[in-house]
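Structure, as structure tokens:
Since this is a predicted model, take the numbers as computed values, not measurements. When a residue number appears, it is its place in the shown sequence, counting from 1.
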Amino acid sequence: ATGNIGEYLSKEKEHINTYLSRDGGFTWKEILLGPHIYEIGNRGGTIIFCQNNIYTDYFLYTLDEGLTFTKVYFDSEKSLEMKVINIITSPDNKSNKFIIFGKNKTGGIVIHIDIDNLKLPLCKEFSNIFSSETDFEKWSPTGTYNMFNTCLLGTKSSYYRKKQFVHCNINPNFESKIESQVCPCKSEDYECDLGYSRKGLSCVRETLDYYLEVDLFSPPSKCKDTYLVTKGYRKVPGNKCKGEELSEFEPLIM
């Protein structure tokens, strides 16, 4: 992503840099100064960058998600400059082939980039993910409340991705194995119910500026056997946690 750090948003070019996240946006690292147009290929194994909104005569590529960059000039004489409009690759992001669209004072320019010409070795896929012989690693996204809690929306998901420092070409036919398991419910799986708002760590009944008589404990008009009365909490929509529901958050059964 491109953006700026600090207390306020800024559109000033000197404030905007290029950042990369390897954990789904939980943490970010500044990888390039200034705004850049970028495109991701080879399932994240290759990223192409061009400077944005200025005339440039080169592009950058990284094979290790921003640890190192290689600069390549558009032509050997460094005489071709253009403003880059866009970089595209195949929609599935599996390819190592890119097209850079740009323009200069004489018209439009299209440049084809083929990283496969580097003849990178194919990434070694895993027979045993803990083996040093594989070029892949197992990764689970973490929760925003607790970075050590790998359950998100009640589910722990694990993905296999290329190790960052390895320079290799991911087989286009490679499919990342996804492992998923349901987690027991915890406090972060709940939010405040309608009519309640957060006060510290608790959800408390909102005070109204007008008179409204509501009996929370009255059964609904169509009631069969039992009905539920909120304690001010409800499970976050889409949350799939199960078992060990926290009684202080679960509704009363009347």
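Under the 4.5 Å side-chain contact rule for hydrophobic residues, I113 and L60 do not share a cluster. In the hydrophobic cluster analysis, where Ile, Leu, Val, Met, Phe, Trp and Tyr join through side-chain heavy atoms closer than 4.5 angstrom, L120 is grouped together with V72. Residues V110 and I88 are members of one and the same hydrophobic cluster, defined by side-chain heavy-atom contacts under 4.5 angstrom among Ile, Leu, Val, Met, Phe, Trp and Tyr.
Residue-environment remark: CD (E14) exceeds the threshold of 12 foreign heavy atoms within 6.0 Å. Heavy-atom neighbours of I54 CD1 from other residues, nucleotides or ligands within 6.0 Å: above the threshold of 12. No more than 12 heavy atoms of other residues, nucleotides or ligands lie within 6.0 Å of NZ in K240, so this atom counts as exposed by the packing criterion.
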Quiz item: Given the rule in the side chain to side chain contact (heavy atoms under 4.5 Å, CB included) test, do Y190 and N239 qualify, once you have shown the distances and angles that lead to the verdict?
Solution: CA-CA 9 Å; Y190 294 85; N239 194 296; over 6 Å; no

Quiz item: Given D75 and S79, is the side-chain hydrogen bond (donor to acceptor under 3.5 Å, both in side chains) satisfied, shown in steps?
Solution: CA-CA 7 Å; D75 68 352; S79 59; 2.7 Å; yes

Practice problem: For side chain to side chain contact (heavy atoms under 4.5 Å, CB included), just list the numbers for I48 and I115, CA-CA rounded to whole Å, side-chain angles, deciding distance to a tenth of an Å, and then say yes or no. | Solution: CA-CA 10 Å; I48 300 284; I115 301 297; 4.1 Å; yes

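In this structure, E248 has no salt bridge (charged side-chain N to carboxylate O under 4.0 Å, His left out) partners at least two apart in sequence or on a different chain. Y61 is linked by a ring-ring contact (aromatic ring centres under 6.0 Å, His included) to nothing, counting only residues two or more places apart in sequence or in another chain. Applying the side chain to side chain donor-acceptor pair (under 3.5 Å) test to N104 and every residue at least two apart in sequence or in another chain returns T106. A search for ring-ring contact (aromatic ring centres under 6.0 Å, His included) contacts involving Y233 returns F249, not counting sequence neighbours. In this structure E191 satisfies the salt bridge (charged side-chain N to carboxylate O under 4.0 Å, His left out) test together with R234, sequence neighbours excluded. Qualifying salt bridge (charged side-chain N to carboxylate O under 4.0 Å, His left out) partners for E65, counting only residues two or more places apart in sequence or in other chains: R22. Considering only residues two or more places apart in sequence or on other chains, E7 meets the side chain to side chain contact (heavy atoms under 4.5 Å, CB included) condition with none of them. With sequence neighbours left out, W139 forms a side chain to side chain contact (heavy atoms under 4.5 Å, CB included) with D23, P141, Y159, R161. The side chain to side chain contact (heavy atoms under 4.5 Å, CB included) check on D114 picks up K97, H112, D116, N117, with sequence neighbours excluded. For K119, there are no side chain to side chain contact (heavy atoms under 4.5 Å, CB included) partners at least two apart in sequence or on another chain. D57 meets the salt bridge (charged side-chain N to carboxylate O under 4.0 Å, His left out) test with no other residue; sequence neighbours excluded.
Side-chain N or O atoms of N42 include one that pairs as donor or acceptor with a backbone N or O of I170 at under 3.5 Å. Under the 3.5 Å distance criterion, the side-chain polar atoms of S140 are matched with a main-chain donor or acceptor of S157. A distance-only check finds no donor-acceptor pair linking the side chain of T2 to the backbone of N17 [under 3.5 Å]. The backbone N or O of T134 sits less than 3.5 Å from a side-chain atom of K163, completing a donor-acceptor pair. The backbone N or O of N96 sits nowhere less than 3.5 Å from a side-chain atom of T89 that would complete a donor-acceptor pair.
Side-chain contact check for S10 and N4: no donor-acceptor pair (N or O, by modelled atom type) lies under 3.5 Å.
Counting only heavy atoms from C-beta outward, the side chains of K78 and Y58 never approach each other to under 4.5 Å. The shortest distance between side-chain heavy atoms of I5 and Y19 falls below 4.5 Å. In this structure the side chain of V166 never reaches within 4.5 angstrom of the side chain of F136, judged on heavy atoms. Residues T62 and L67 have side chains not in contact (no heavy-atom distance under 4.5 Å, counting atoms from C-beta outward). Side-chain contact between F69 and L32: present, with at least one pair of heavy atoms (C-beta onward) separated by less than 4.5 Å.
Taking CG from L152 and CG from D189, the interatomic distance works out to 9.5 Å, rounded to the nearest 0.5 Å. Atom CD1 in I47 sits 10.0 Å away from atom CD in E39 (nearest 0.5 Å). Here the CE atom belonging to M254 is positioned 10.0 Å from the SG atom belonging to C223, to the nearest 0.5 angstrom. Here the CZ-CD distance, from F165 to E137, works out to 8.0 Å after rounding to the nearest 0.5 Å. Atom NZ of K83 is separated from atom OH of Y55 by 5.5 Å, given to the nearest 0.5 angstrom. Atom CG of N52 is separated from atom OH of Y38 by 10.0 Å, given to the nearest 0.5 angstrom.
The heavy-atom pair separating I40 from F98 by the smallest distance is C-CE2, 4.1 Å. Of all heavy-atom pairs between R43 and F174, the closest is NH2-O, 2.6 Å. Taking every heavy atom of both residues into account, V236 and E188 meet most closely at CG2-O, 4.3 Å. Of all heavy-atom pairs spanning V84 and Q51, the tightest one is CB-O, 4.4 Å. Residue E206 comes nearest to Y196 through the heavy atom pair OE2-O, 3.7 Å, listed as atom of the first residue, atom of the second, then distance. Of all heavy-atom pairs spanning K235 and C241, the tightest one is NZ-O, 3.2 Å.
A salt bridge does not link K105 with E81: every distance from a Lys NZ or Arg NE/NH1/NH2 to an Asp or Glu carboxylate oxygen is 4.0 Å or more.
Partner of H167 under the side-chain hydrogen bond (donor to acceptor under 3.5 Å, both in side chains) criterion, chosen from T46, D64, D135: D64.
Applying the disulfide (SG to SG under 2.5 Å) rule to pairs touching residues 34-123 yields C123-C168, sequence neighbours excluded.
The aromatic rings of H36 and F49 sit perpendicular, their planes meeting at an angle over 60°, well past the 30° parallel limit.
Disulfide status for C192 with C203: present, SG atoms under 2.5 Å apart.
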